[in-house]
Trainee: 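This is the structure, below, for whatever I ask next.
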2 protein chains.
Amino acid sequence: MNNTNVFSALAEPNRFQIVELLRRGPLTVGEISERLAIRQPQASKHLRVLLEAGVVEVHAEANRRFYGLRRESFQEMEDWLKSITEVWEERLDRLEQYLQVMKENQKQRPE
Amino acid sequence: MNNTNVFSALAEPNRFQIVELLRRGPLTVGEISERLAIRQPQASKHLRVLLEAGVVEVHAEANRRFYGLRRESFQEMEDWLKSITEVWEERLDRLEQYLQVMKENQKQRPE
DNA sequence: ATTTAATATTCCCTTGAAGGAATATTCCCG
DNA sequence: CGGGAATATTCCTTCAAGGGAATATTAAAT
């Protein structure tokens, strides 16, 4: 994840809402535009952006197109976040170790 | 996290790079602008955006200002991601359960 | 083959975000 | 107090993203 495209995709409020909407499973363009109260062309445009950013995937079914969240995309974001927060975890671990050592020393030489 | 501000903050390549730069710990504006090879005013501007989005925090020290990543912000993103992916996990669990049941039935009535 | 539903695309316009350059602010030091 | 370093802010300009409206495309149905 050095892909700022994913972030720009999610930065737009309507697109973020689309993602929220797709939590429970894929929806058609019509359903999406209806529930978000936006016009169909805007829905299509936003979905295109999400698609190209890899946030979303389509599968056609006759006339309709179902858009659903793309797992890999979210997995990548999670990995990236972990790669950042794990540094902090390590620091916490070291702090705990340190405190533990201090505690041991206290036991050996009370008062 | 319904805050698209965080995403718009990270959507800009320079700002994303700033976050990457701050992984190891806080830096001053000067250091940041130097390492990213951007002019100081731009660095300040980007840092302002990151600050207002809550991605980053400052603490002043004499003349300088150290910017560092703000943990809460990343925690919130992680929580949001989990709230999305956990639905998938549940589904997987149910699938596994289902497969397990089928396996049991096989044992009871082989061939 | 024509019509109709669902979706995508295009064109135009407006607004906001980002960079450049200059300037303001803050703080330390002598 | 005056000077200089570090940082923030302002003004201006440019460019791309997003909405509206109209139109094109695709596929089904009759």
Side-chain angles (χ1 to χ4, degrees), chain A residues 2-22 24-70 73 77, chain B residues 2-22 24-70 73 77:
Chain A
N2 64 345
N3 230 6
T4 54
N5 295 334
V6 174
F7 290 125
S8 3
L10 296 175
E12 210 281 332
N14 285 312
R15 289 197 290 263
F16 183 82
Q17 284 300 83
I18 289 179
V19 171
E20 288 292 320
L21 212 53
L22 297 184
R24 299 239 167 160
L27 292 177
T28 69
V29 179
E31 290 167 327
I32 292 170
S33 81
E34 185 183 358
R35 301 209 199 174
L36 291 197
I38 61 180
R39 300 169 200 280
Q40 174 268 318
Q42 320 304 334
S44 282
K45 286 181 201 171
H46 285 311
L47 286 166
R48 190 187 222 280
V49 176
L50 288 169
L51 187 66
E52 284 174 350
V55 176
V56 130
E57 60 192 8
V58 222
H59 76 106
E61 197 163 299
N63 223 356
R64 303 151 182 253
R65 295 181 138 238
F66 287 83
Y67 285 84
L69 300 185
R70 187 166 155 276
S73 173
M77 286 190 70
Chain B
N2 65 343
N3 230 6
T4 55
N5 295 333
V6 175
F7 290 125
S8 2
L10 296 175
E12 209 282 332
N14 285 312
R15 289 196 292 262
F16 183 81
Q17 283 300 83
I18 289 180
V19 170
E20 289 290 322
L21 213 51
L22 297 184
R24 299 241 168 157
L27 292 177
T28 69
V29 178
E31 290 167 328
I32 294 169
S33 81
E34 185 183 358
R35 300 209 199 175
L36 290 197
I38 61 180
R39 300 169 200 280
Q40 175 268 317
Q42 321 303 333
S44 283
K45 286 181 202 170
H46 285 312
L47 286 166
R48 189 188 223 279
V49 176
L50 288 168
L51 187 66
E52 284 173 351
V55 176
V56 129
E57 60 193 6
V58 221
H59 77 106
E61 199 164 299
N63 224 356
R64 302 152 182 252
R65 296 181 137 239
F66 287 83
Y67 285 84
L69 300 184
R70 186 166 155 277
S73 173
M77 286 189 70

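Owing to the predicted nature of the structure, the values given are computational and were not obtained by experimental measurement. Below, read A as the first sequence line, B as the second, and so on, with proteins coming before strands; counting in each chain starts at 1.
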Trainee: What is the distance, to the nearest angstrom, from the CZ atom on B:Phe16 to the P atom on C:dA18?
Mentor: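 Rounded to the whole Å, the gap is 16 Å.
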
Trainee: Closer to the 5' end of DNA chain C via nearest nucleotide, is it B:Ala62 or B:Val49?
Mentor: B:Val49

Trainee: If you count heavy atoms of other groups shown closer than 6.0 angstrom to CZ of B:Arg64, is the number above 12?
Mentor: no

Trainee: Output, in order, the C-alpha distance, side-chain angles, deciding distance and verdict of side-chain contact (heavy atoms from CB on, under 4.5 Å) for B:Arg35 and B:Leu27.
Mentor: CA-CA 10 Å; B:Arg35 300 209 199 175; B:Leu27 292 177; 4.0 Å; yes

Trainee: Could you state the CG-P distance from B:Leu10 to C:dA18, rounded to the nearest angstrom?
Mentor: 12 Å

Trainee: Could you label the plane-to-plane angle of the B:Phe66 and B:His59 rings as parallel, tilted or perpendicular, counting under 30° as parallel and over 60° as perpendicular?
Mentor: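 Rings of B:Phe66 and B:His59: parallel, under 30°.
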
Trainee: Between D:dG18, C:dA18, C:dC28, which nucleotide gets closest to the side-chain atoms of A:Glu12?
Mentor: D:dG18

Trainee: Under 4.0 Å between a side-chain N or O of A:His46 and OP1 or OP2 of D:dA17?
Mentor: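 False: A:His46 side-chain N/O out of range (4.0 Å or more) of D:dA17 OP1/OP2.
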
Trainee: Let me know the distance between CG of A:Leu27 and P of C:dA6, rounded to the nearest Å.
Mentor: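 To the nearest whole Å, that distance equals 15 Å.
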
Trainee: Within this structure, what is the CD1-to-P distance between A:Ile38 and C:dA6, rounded to whole angstrom?
Mentor: 17 Å

Trainee: Report, one pair per line, the protein and nucleotides 7-13 of chain D atoms (nitrogen or oxygen only) whose separation is under 3.5 Å.
Mentor:
{"unit_1": "D:dT7", "atom_1": "OP1", "unit_2": "B:Val29", "atom_2": "N", "d": "3.4"}
{"unit_1": "D:dT7", "atom_1": "OP1", "unit_2": "B:Arg65", "atom_2": "N", "d": "3.4"}
{"unit_1": "D:dT7", "atom_1": "OP2", "unit_2": "B:Gly30", "atom_2": "N", "d": "2.8"}
{"unit_1": "D:dA8", "atom_1": "OP1", "unit_2": "B:Arg65", "atom_2": "NH1", "d": "3.4"}
{"unit_1": "D:dA8", "atom_1": "OP1", "unit_2": "B:Tyr67", "atom_2": "OH", "d": "2.5"}
{"unit_1": "D:dA8", "atom_1": "OP2", "unit_2": "B:Ser44", "atom_2": "OG", "d": "2.7"}
{"unit_1": "D:dA8", "atom_1": "N7", "unit_2": "B:Gln40", "atom_2": "NE2", "d": "2.7"}
{"unit_1": "D:dA8", "atom_1": "N6", "unit_2": "B:Gln40", "atom_2": "OE1", "d": "3.4"}
{"unit_1": "D:dT9", "atom_1": "OP2", "unit_2": "B:Arg48", "atom_2": "NE", "d": "3.0"}
{"unit_1": "D:dT10", "atom_1": "O4", "unit_2": "B:Lys45", "atom_2": "NZ", "d": "3.3"}

Trainee: Is a side-chain donor or acceptor of B:Gln42 paired with a backbone partner of B:Arg39 at a separation under 3.5 angstrom?
Mentor: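 The answer is no, because no donor-acceptor pair under 3.5 Å joins these two groups.
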
Trainee: Write down the distance between CG (A:Leu36) and P (C:dT7), rounded to a whole number of angstrom.
Mentor: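 Between P of C:dT7 and CG of A:Leu36: 14 Å.
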
Trainee: I'd like to know if the side chain of A:Arg15 and the backbone of A:Ser8 have a donor-acceptor N/O pair within less than 3.5 Å.
Mentor: yes

Trainee: Main chain of A:Leu69, side chain of A:Ser73: is a donor-acceptor contact present, judged purely on distance under 3.5 Å?
Mentor: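 Not confirmed, A:Ser73 side chain does not pair with A:Leu69 backbone.
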
